[in-house]
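Hydrogens, waters and symmetry mates are skipped; everything else that's a heavy atom, side chains included, is used.
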4 protein chains.
Amino acid sequence: MTQLEAQDPARLGKREKTKAANQQAILDAARKVFAELGYGATTVRDIIRGTGLASGTFYNYFKSKEEVFQALMDESALRVRPALIQERLKATTFEEFLRGMFLVFFSYVVDDNRAYTMMRANSGQIRVRMDTPEVIAGFDELRVDIDDGIERGVVPNVDPEYLTAALIGIAFEMADRMVQRDDPDPIAAADFATALVVGGIDLVPHKK
Amino acid sequence: MTQLEAQDPARLGKREKTKAANQQAILDAARKVFAELGYGATTVRDIIRGTGLASGTFYNYFKSKEEVFQALMDESALRVRPALIQERLKATTFEEFLRGMFLVFFSYVVDDNRAYTMMRANSGQIRVRMDTPEVIAGFDELRVDIDDGIERGVVPNVDPEYLTAALIGIAFEMADRMVQRDDPDPIAAADFATALVVGGIDLVPHKK
Amino acid sequence: MTQLEAQDPARLGKREKTKAANQQAILDAARKVFAELGYGATTVRDIIRGTGLASGTFYNYFKSKEEVFQALMDESALRVRPALIQERLKATTFEEFLRGMFLVFFSYVVDDNRAYTMMRANSGQIRVRMDTPEVIAGFDELRVDIDDGIERGVVPNVDPEYLTAALIGIAFEMADRMVQRDDPDPIAAADFATALVVGGIDLVPHKK
Amino acid sequence: MTQLEAQDPARLGKREKTKAANQQAILDAARKVFAELGYGATTVRDIIRGTGLASGTFYNYFKSKEEVFQALMDESALRVRPALIQERLKATTFEEFLRGMFLVFFSYVVDDNRAYTMMRANSGQIRVRMDTPEVIAGFDELRVDIDDGIERGVVPNVDPEYLTAALIGIAFEMADRMVQRDDPDPIAAADFATALVVGGIDLVPHKK
DNA sequence: AATGAATGAGCGTTCATTCAT
DNA sequence: AATGAATGAACGCTCATTCAT
């Protein structure tokens with residue numbers, strides 16, 4: 001039943017339709033208020049207030065505030081990670097590897113900058129960035145790829161932890177500025193970041 | 001403390017001494033528990049418990065939990081900013097400028113990593129990073145210096161906002177990994193970061 | 001159930017049959033979970049979960065959680081009361097009267113100790129006993145019978161209220177212990193209780 | 001300090017005085033509403049509403065609803081238990097033993113019938129009796145004494161568990177009626193209960 | 001200035017009940 | 001009649017802040 005109806009969303013009963021709509025409404029509202037207030041300051045009531053639903057209804061869809069937050073982060077990470085993996089697989093040079101990765105990330109950020117600002121939400125004057133397990137896992141994969149690349153000689157033999165850190169730092173911080181521009185250009189940003197790292201990597205102290 | 005002062009009440013105005021000591025005691029206790037529990041999970045009672053003072057007394061020194069947090073962050077930034085300014089002033093090349101800046105920052109982070117881990121406190125599975133106004137201001141100054149350097153021809157003519165972002169991203173993210181090492185080496189980290197940027201900057205798209 | 005009825009939908013009005021079956025299913029499930037969790041801790045969802053019905057359906061049969069509880073207690077009391085009345089009617093001596101009453105009660109408790117433990121459900125460390133109107137009514141009848149017995153000279157002329165109270169106290173408290181024994185013996189319990197009261201009643205202060 | 005001041009309650013600082021007064025106010029209010037509504041139906045807000053204090057203040061004195069309930073029951077039990085123990089110790093015959101015990105219990109109930117009605121609170125139509133660990137412990141002591149008495153030949157050799165149950169049942173149920181009389185007479189009640197048991201015990205089946 | 005009890009808004013969450021389907 | 005999602009009042013409890021002492 002579920003399967004049959006899932007094939008054609010238009011044929012869903014009214015009940016199923018509102019259920020799906022409510023689920024999405026909660027996710028959307030949560031994304032918005034988490035972005036505005038940050039995780040800590042956000043209350044469940046803040047979230048449901050943005051949906052017009054009753055407070056109890058929240059708990060028909062998510063077991064807790066943390067669960068909806070996780071769902072949101074996973075939703076985001078799930079969208080980038082496969083693309084990042086693709087890029088890494090098809091890269092044959094370090095430059096391709098970098099450019100692919102930066103481009104995917106910056107493009108995702110532009111497409112979905114609401115989810116992104118959530119990670120960067122500032123409550124009051126304090127800038128906050130939150131990395132959830134899915135996000136951390138994504139970065140761990142990058143680290144593995146870099147280790148692998150060093151072994152295969154594709155990536156210069158530099159401190160892999162620092163390199164990973166530098167890439168992540170560049171990616172997030174630049175993305176932050178990019179999305180605040182009038183006409184964000186992921187390609188230009190990826191070019192910038194790629195060039196910086198590709199050009200610099202050779203001067204970085206290599207392990208003997 | 002009470003005992004020591006009781007030995008020589010005449011030495012100096014007890015009031016003033018106690019006031020300064022209490023202020024500092026609160027800051028010290030706050031630094032400690034914010035680092036342990038993170039901002040959100042820390043209660044005012046957690047802070048004053050570490051001082052032996054009464055909860056109400058907290059409010060003689062700080063208007064709110066947020067204010068003591070700000071004071072703490074400012075205190076930290078106040079220690080780095082003058083040093084960062086010094087470095088920028090005495091730099092004659094872009095490389096000197098970068099190395100000086102990274103070294104000051106990484107050294108500060110190692111010296112005072114309690115304050116730093118506070119910015120990185122994680123609650124549950126979620127990593128959180130908090131940048132306060134003073135820190136942000138410190139980096140805004142960096143931006144001004146970069147603009148200035150470009151004008152004077154010392155810094156290559158690249159997108160200054162992206163460059164600033166890249167430097168900040170590299171600095172914070174690398175610092176994060178560095179402090180978790182057994183024997184953190186700010187010089188090595190500064191060398192790595194400096195080489196990366198110095199080497200790469202020429203390949204980065206220049207403005208006409 | 002659904003399957004059985006599907007085999008012969010014509011046999012009898014499906015409606016009526018289902019209605020009665022559902023009503024009983026709710027009562028059965030309620031008896032079970034009230035016994036397990038106690039009244040306070042039991043939720044309507046706990047009850048209907050044991051029936052396969054939907055939560056809203058509960059309210060087609062009972063107006064509230066309290067109503068189903070009352071129905072349950074009444075159902076129990078309804079089973080004992082007629083038997084108790086029988087015993088009282090056929091008793092010709094005080095001893096017969098007592099033995100009959102205790103035996104009926106202890107037998108009922110053993111047969112239906114689920115309903116009985118419900119009255120004794122404990123939440124945490126706290127033992128709770130609940131007596132509902134029907135049960136109370138049952139014992140009020142006992143009082144009437146005792147008054148009557150005194151008037152007719154069958155029951156010694158002692159304080160009838162205290163006598164009723166003593167009988168009730170003995171009955172409930174002994175039943176409590178009896179059901180926790182490996183092999184509960186209502187006859188032995190009735191003998192014990194009867195002997196205690198029959199033997200003692202003569203020493204009890206009589207009214208002039 | 002505490003000791004010195006405890007010697008003269010009149011010399012207590014205002015703070016200590018209100019603290020003690022509030023503690024007592026909460027206990028009093030709790031006793032009252034538990035008696036009215038029963039444990040399950042009573043909310044912390046119901047309790048503090050009866051004191052004029054703020055809801056949070058409750059938690060300065062008791063960690064939870066359960067804790068205040070326990071405190072209340074212990075307070076009661078603590079008052080009877082020592083007296084009951086005294087009576088048992090000084091009894092040389094079974095009759096003395098019984099009379100002493102019943103008299104202490106009935107007297108206590110009359111003196112403090114608010115605490116007692118709590119154990120008998122009815123919520124709606126449902127009579128509830130709650131026995132807390134302290135109360136249960138008190139009954140366990142009775143059981144031990146009975147076992148002991150049987151061994152020493154002071155108490156007839158009947159089923160000790162049933163005998164304990166019967167005594168407890170008689171005590172509680174009779175107390176219940178007694179307190180509702182215009183002029184409760186603990187001595188008369190104790191005479192009644194003692195006579196009933198003393199007279200009956202010989203007819204009760206003895207173990208061979 | 002220091003104290004710490006009092007305050008009460010607000011939290012995350014539950015659940016008896018209603019009602020659109 | 002049956003469904004089960006929606007409702008929202010109420011729960012136990014926390015804690016930043018106030019204020020009488």
dA2(E) pairs with which nucleotide, Watson-Crick or G-U wobble, both distances below 3.5 Å? dT21(F)
Does Arg49(C) have any salt bridge (charged side-chain N to carboxylate O under 4.0 Å, His left out) partners at least two apart in sequence or in another chain, and if so, which? Asp46(C)
At less than 4.0 Å, is any side-chain N or O atom of Thr57(D) found next to OP1 or OP2 of dT7(E)? Yes or no. yes
Of the options dT3(E), dG8(F), dA5(F), whose atoms approach the side-chain atoms of Leu53(B) most closely? dT3(E)
Which nucleotide in dA16(F), dA16(E), dT17(E) has an atom nearest any side-chain atom of Thr43(B): dA16(F)
Let me spell it out: for each of Ser64(C) and Gly52(B), pick the nucleotide of DNA chain E with the closest heavy atom. Which residue's pick is nearer the 5' end? Gly52(B)
For a quick check, tell me whether the side chain of Arg45(D) and the base of dG12(F) share a donor-acceptor pair closer than 3.5 Å. yes
Compare the minimum distances between each of dA2(E), dA6(E), dA6(F) and the side chain of Tyr61(B), then state the nucleotide with the smallest one. dA2(E)
Pick the closest DNA chain E nucleotide for Ala54(D) and for Asn60(B) by heavy atoms, then say which residue is nearer the 5' end. Asn60(B)
Paired with dC13(F): which nucleotide, if any, by Watson-Crick or G-U wobble criteria at under 3.5 Å for both distances? dG10(E)
Students often get this wrong, so: under 4.0 angstrom with heavy atoms, is Thr42(C) touching a base, only sugar-phosphate, or nothing? sugar-phosphate
Look at the side chain of Tyr59(B) and decide which nucleotide, out of dT7(F), dG4(E), dA16(F), has an atom nearest to it. dA16(F)
